[in-house]
Student: 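First the structure, which I've put down as structure tokens, then a few questions once you've had a look.
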Amino acid sequence: MSKVVVSPAESFSLKISKIAPDKSISHRSVMFSMLSKGVSEIENFLRAEDTMNSLEIVKNIGAKVEDDGKIIKISSNGIQEPFEILDCGNSGTGMRLFCGLLSSANGHFVLTGDKYLRRRPMKRVTAPLMSIGAKLDGRKNGDLAPLSIRGASLKAFDYESKIASAQVKSAMILAALRADGVCRYTEPELSRDHTERMLKGMGADIKVEGLTTTVAPLKGLLSPLKIRVPADPSSAFFFAVAAAIVPDSQIVLEGVTLNPTRIEAFKALERMGTDISYELTDDKYEPVGNITVKYAPLKGIVIEDKISWLIDELPALSIAMACAEGESIVKNAKELRVKESDRISTVVEGLHACGIEVDEYEDGYKIFGGELRKAKVASDGDHRIAMSFIVAGLKCGMEVSDLDCINTSFPNFFELLENITKVEFVK
Ligand code: S3P
């Protein structure tokens, strides 16, 4: 599957219940199971490369896993020193959260990943962890994987982070659970809060006040997780954009987490003119429900705050911006440069190829809405870039190459897309 040619779509009306399960929650569910007594049960786990790598890693560090294809049951007797090198594949979330989990465990651990992950910055977790006593190292003075960890005793901390990153926050919360006293972590803007919600649901003593999370060390083991992973709003969003750019279309996206830190891109699309409604159907660790998206003409927008709430959706949102009337601006989004690709460059280059005028800034871009043209776009190994430009193809046709990365987060993406348009794979 090296290239795909997507045809322009006619108006459609669809309901989809099989959006890929949430990646962030799936990673966390297997990792947090290592902290509990008894059997954790995870239903609707994301069976994609990134999260299957995390599942493999927990097996390597001592989890007993039973999987009947529907529910994954995990029990553990504490974290064991692995025989294998732990391979996170393409996943920054996997690598950064495992750093937090393993930095206090007994033993020696080596974390590696694919060629894309091995060039992404890890100092954002290794530096704060080392400042509280963790023994971590890696290439470029601890910034690049492979990383090695020698479990150590960790000191209580009061850490103020300069970046709003759920990965850094989660790594530090995991470390805090085994530190020698109560810890405080403050971030500049609230980032996604699945870690806090899930660990609290398992009985951890975690308090969130404004931008500060206070974590008391564990007294024993936590209660097991019993979770049904909701659909991933970041994956659902590709189909929201599809309905937002194809005139007279509508889509119902079922069973998606409605966690406010995750659906800001839908709110941005609403501000651009799209008709969107939300129906709450469940609320255990997370609010979950259905999102209905109906086409309406789009107008330009400025995105400059709550960036971490829509960071993963900005590539897809930029396709809606390209189809909108007027200018759209994305600012304060420098973090895009250190995602699976440099997403400022990949978005700007891709849109240029499609005939859209775009100005590039260090921390974002300005898109002049216009007429998308069929083009050839390469994903640079980045799943969200690949899927964003495939969705752009619903407007004008598109050839997108370097597609294997889609399996990291959304293995049934094409199966769902085929309900909307003709999809042809070429060599
Ligand atoms: C994630 C946090 C975000 C996001 C990533 C998943 C998580 O990264 O971009 O896809 O599950 O914690 P940062 O924490 O680096 O912003």
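Remember, it's 1-based here, ligands and their atoms both numbered in the order they're listed. Just the heavy atoms: all of them, side chains too, but no hydrogens, waters or symmetry mates, feed the values below.
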Student: Can the ring centroids of Phe157 and Tyr185 be said to lie less than 6.0 angstrom from one another?
Tutor: no

Student: Between the side chain of Ser388 and the main-chain N/O of Ala316, is any donor-acceptor distance below 3.5 Å?
Tutor: yes

Student: In terms of side-chain geometry, is the basic nitrogen of Glu56 or Lys59 positioned less than 4.0 Å from the acidic oxygen of its partner?
Tutor: yes

Student: Assess the side chains of Ser308 and Arg192: does a donor N or O sit below 3.5 Å from an acceptor N or O?
Tutor: no

Student: Taking only Lys NZ, Arg NE, NH1 and NH2, and the carboxylate oxygens of Asp or Glu, determine whether Asp67 and Arg47 approach each other closer than 4.0 Å.
Tutor: yes

Student: Between Ser165 and Arg124, does any side-chain donor sit less than 3.5 Å from a side-chain acceptor?
Tutor: no

Student: Note every protein N or O atom lying under 3.5 Å from an N or O atom of ligand 1, pairing the names and giving the distance.
Tutor:
| unit_1 | atom_1 | unit_2 | atom_2 | d |
| --- | --- | --- | --- | --- |
| ligand 1 | 8 (O) | Gln167 | NE2 | 3.3 |
| ligand 1 | 8 (O) | Lys339 | NZ | 3.1 |
| ligand 1 | 9 (O) | Asp312 | OD1 | 2.6 |
| ligand 1 | 9 (O) | Asp312 | OD2 | 3.4 |
| ligand 1 | 9 (O) | Lys339 | NZ | 2.7 |
| ligand 1 | 10 (O) | Asp312 | OD1 | 3.4 |
| ligand 1 | 10 (O) | Asp312 | OD2 | 2.8 |
| ligand 1 | 11 (O) | Ser24 | OG | 2.7 |
| ligand 1 | 11 (O) | Arg28 | NH1 | 2.8 |
| ligand 1 | 12 (O) | Arg28 | NH2 | 2.7 |
| ligand 1 | 14 (O) | Ser165 | OG | 2.7 |
| ligand 1 | 14 (O) | Ala166 | N | 2.9 |
| ligand 1 | 14 (O) | Gln167 | N | 2.8 |
| ligand 1 | 15 (O) | Ser165 | OG | 3.4 |
| ligand 1 | 15 (O) | Gln167 | OE1 | 3.4 |
| ligand 1 | 15 (O) | Lys339 | NZ | 3.3 |
| ligand 1 | 16 (O) | Lys339 | NZ | 3.4 |

